[in-house]
Amino acid sequence: MLFIQLLLVHIIADFVLQPTSWIKNKIKYKIKSRKLYAHIGVHTLLLVIVGLLNSNFWIGFLLIIVSHYLIDLAKLYLQKKVHISILFFADQLLHLFFLALATYITKPFEIDFSKIFSEKILLLIIAILFIIFVAPILIQLIVMQWEPEKDKLDHKQSLKKAGKYIGILERLFVFMFVIFDKWEGVGFLLAAKSIFRFGDLTTAKDRKLTEYILIGTLISFGLAILAGLIYKNIIQLF
């Protein structure tokens, strides 16, 4: 319960009550930014409320405030040295770590690693890794014999690596729909992609390009469905 309260405070203070103007001010002035201290002040006020609801929270309170300030400060000085997406995820993971640590200090808990690394969880991780990393290689190996000439693929009109990430997302969605028995979701996703791809298929002067796109899509969906079905049937054995 305490961790959930702390997580709620973190989301409200870090996202809901932190306007873009504050973020820009922090990036510009860094340690001298008044908005940095205003941001920490918002966290402090919300954590005071949590402290009123939970006894012996003062150590956790100090830990969260000090760690949050230092993490945010480090993030500001690393803006030009580390990619923004890496900074964001590292920042949030560190905050979550200290929220969990503050929870443990206030109300000690035990983590059952046997459940975390159970057969079902490990199989889920294997399935996700297959969808993200193995499936694209299999698709490429299968369709490479039909790959159109490079001058017929207009890469200038598409975002960098967009196709790769679209494929990963669609397979993850299909996998999720299959394991939750929401087959209508698979149909909806396939129909939606067909609509967005309609322009590519109708304007393509080369029939081979149309067939190439269609084969890749069907193989991608097929691998995701297969992964979902295998996962569902295996976990029923445990």
Side-chain angles (χ1 to χ4, degrees), residues 3-47 50 60-104 116 121 124-137 139-140 153-176 189 192-193 196-197 220 224:
F3 180 78
I4 295 175
Q5 293 173 352
L6 295 177
L7 184 59
L8 177 61
V9 166
H10 176 73
I11 292 174
I12 293 174
D14 239 29
F15 298 98
V16 180
L17 298 181
Q18 183 175 209
T20 304
S21 59
W22 285 23
I23 298 174
K24 292 180 178 179
N25 186 275
K26 290 195 301 181
I27 293 174
K28 183 177 181 179
Y29 296 105
K30 296 180 173 57
I31 196 171
K32 296 180 180 180
S33 171
R34 294 182 179 179
K35 302 304 181 183
L36 171 62
Y37 300 98
H39 175 60
I40 298 300
V42 171
H43 272 280
T44 301
L45 290 174
L46 294 175
L47 287 172
V50 175
F61 173 87
L62 292 174
L63 177 65
I64 293 173
I65 294 299
V66 173
S67 66
H68 198 100
Y69 172 73
L70 294 176
I71 293 169
D72 278 14
L73 198 60
K75 180 182 176 183
L76 293 174
Y77 282 96
L78 291 172
Q79 287 286 333
K80 295 182 179 180
K81 299 179 181 179
V82 183
H83 194 277
I84 186 171
S85 59
I86 296 176
L87 270 181
F88 173 81
F89 288 110
D91 170 77
Q92 294 303 315
L93 286 174
L94 284 172
H95 288 320
L96 291 177
F97 169 77
F98 282 104
L99 293 182
L101 183 58
T103 302
Y104 180 80
I116 295 177
I121 298 297
L124 180 61
I125 293 174
I126 291 172
I128 292 174
L129 291 176
F130 171 81
I131 288 170
I132 296 176
F133 297 104
V134 181
I137 297 175
I139 295 170
Q140 184 62 30
L153 298 174
D154 194 359
H155 294 296
K156 295 181 180 179
Q157 298 299 321
S158 62
L159 298 175
K160 185 179 180 181
K161 296 184 178 180
K164 173 184 176 181
Y165 295 114
I166 290 172
I168 291 173
L169 288 173
E170 75 182 17
R171 286 190 295 276
L172 287 174
F173 278 122
V174 170
F175 176 77
M176 179 182 67
L189 189 61
K193 184 171 183 180
F196 284 112
R197 275 294 192 181
S220 179

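In this chain, residues are counted from 1 in sequence order. For clarity, every value in this text was computed on a predicted model and none was experimentally measured.
- The closest side-chain heavy-atom distance from Leu36 to Trp22 is not below 4.5 Å.
- Tested against Leu99, the residues Ile4, Leu6, Val9 include a single side chain to side chain contact (heavy atoms under 4.5 Å, CB included) partner, Leu6.
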Inset, instruction - Dump the intermediate steps for side-chain contact (heavy atoms from CB on, under 4.5 Å) on Lys24 and Lys28, then the final yes or no. - result: CA-CA 6 Å; Lys24 292 180 178 179; Lys28 183 177 181 179; over 6 Å; no
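- Using a distance-only test at 3.5 Å, with no hydrogens or angles considered, no donor-acceptor pair links the side chain of Lys81 to the main chain of Leu78.
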Inset, instruction - Verify side-chain contact (heavy atoms from CB on, under 4.5 Å) between Phe133 and Ile128, making sure each step is shown before the conclusion. - result: CA-CA 8 Å; Phe133 297 104; Ile128 292 174; over 6 Å; no
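- Under the 3.5 Å distance criterion, the side-chain polar atoms of Tyr69 are left unmatched by any main-chain donor or acceptor of Tyr37.
- Legend: salt bridge (charged side-chain N to carboxylate O under 4.0 Å, His left out) pairs involving residues 63-72, not counting sequence neighbours, sorted by first then second residue: Lys26-Asp72.
- Counting heavy atoms of neighbouring residues, nucleotides and ligands inside a 6.0 Å radius, atom CD1 of Ile12 exceeds 12 of them.
- To the nearest 0.5 Å, atoms NE2 (His68) and CG (Leu73) are separated by 11.5 Å.
- The shortest side-chain heavy-atom distance between His39 and Asp14 falls under the 4.5 Å cut-off.
- Heavy-atom contacts from other residues, nucleotides or ligands closer than 6.0 Å to OH of Tyr104 number 12 or fewer.
- Distance CG/Leu17 to CD1/Ile11: 12.0 Å, rounded to 0.5 Å.
- Remark: Ser33 pairs with Asn25 by the side-chain hydrogen bond (donor to acceptor under 3.5 Å, both in side chains) rule, at least two apart or across chains.
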Legend entry - Worked verdict on Leu7 versus Leu96 for side-chain contact (heavy atoms from CB on, under 4.5 Å): CA-CA 8 Å; Leu7 184 59; Leu96 291 177; 3.5 Å; yes
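- Note that the NZ atom of Lys30 and the OH atom of Tyr77 stand 6.5 Å from one another [nearest 0.5 Å].
- Separation of atoms CD1 (Ile64) and CD1 (Ile71) is listed at 10.5 Å; rounding is to 0.5 Å.
- Legend: residues meeting side-chain hydrogen bond (donor to acceptor under 3.5 Å, both in side chains) with Ser85, ordered by chain and number and at least two apart, are His83.
- Annotation: the span from His10 atom NE2 to His95 atom NE2 amounts to 5.5 Å, rounded to 0.5 Å.
- Here the CG-CG distance, from Leu62 to Leu47, works out to 10.0 Å after rounding to the nearest 0.5 Å.
- Judged by distance alone, with hydrogens and angles left aside, the side-chain atoms of Gln92 form no donor-acceptor pair with the main-chain N or O of Phe88 at under 3.5 Å.
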Inset, instruction - Check the pair Ile139, Arg171 against side-chain contact (heavy atoms from CB on, under 4.5 Å), reporting the backbone distance first and the verdict last. - result: CA-CA 12 Å; Ile139 295 170; Arg171 286 190 295 276; 3.5 Å; yes
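- Applying the side-chain hydrogen bond (donor to acceptor under 3.5 Å, both in side chains) criterion to Glu170, with sequence neighbours excluded, gives Lys193, Ser220.
- When all heavy atoms are compared, the tightest approach of Phe130 to Pro136 is O-CD, 4.5 Å.
- A 6.0 Å sphere centred on CZ of Phe173 holds no more than 12 heavy atoms belonging to other residues, nucleotides or ligands.
- Leu70 is listed as a side-chain neighbour of Val66, based on a closest heavy-atom distance under 4.5 Å.
- Residue Phe89 qualifies as open at atom CZ: its count of foreign heavy atoms under 6.0 Å is 12 or below.
- Applying the salt bridge (charged side-chain N to carboxylate O under 4.0 Å, His left out) test to residues at least two apart or on different chains, none of the pairs has a partner in residues 34-47.
- Partners of Tyr29 by side-chain hydrogen bond (donor to acceptor under 3.5 Å, both in side chains), not counting sequence neighbours: none found.
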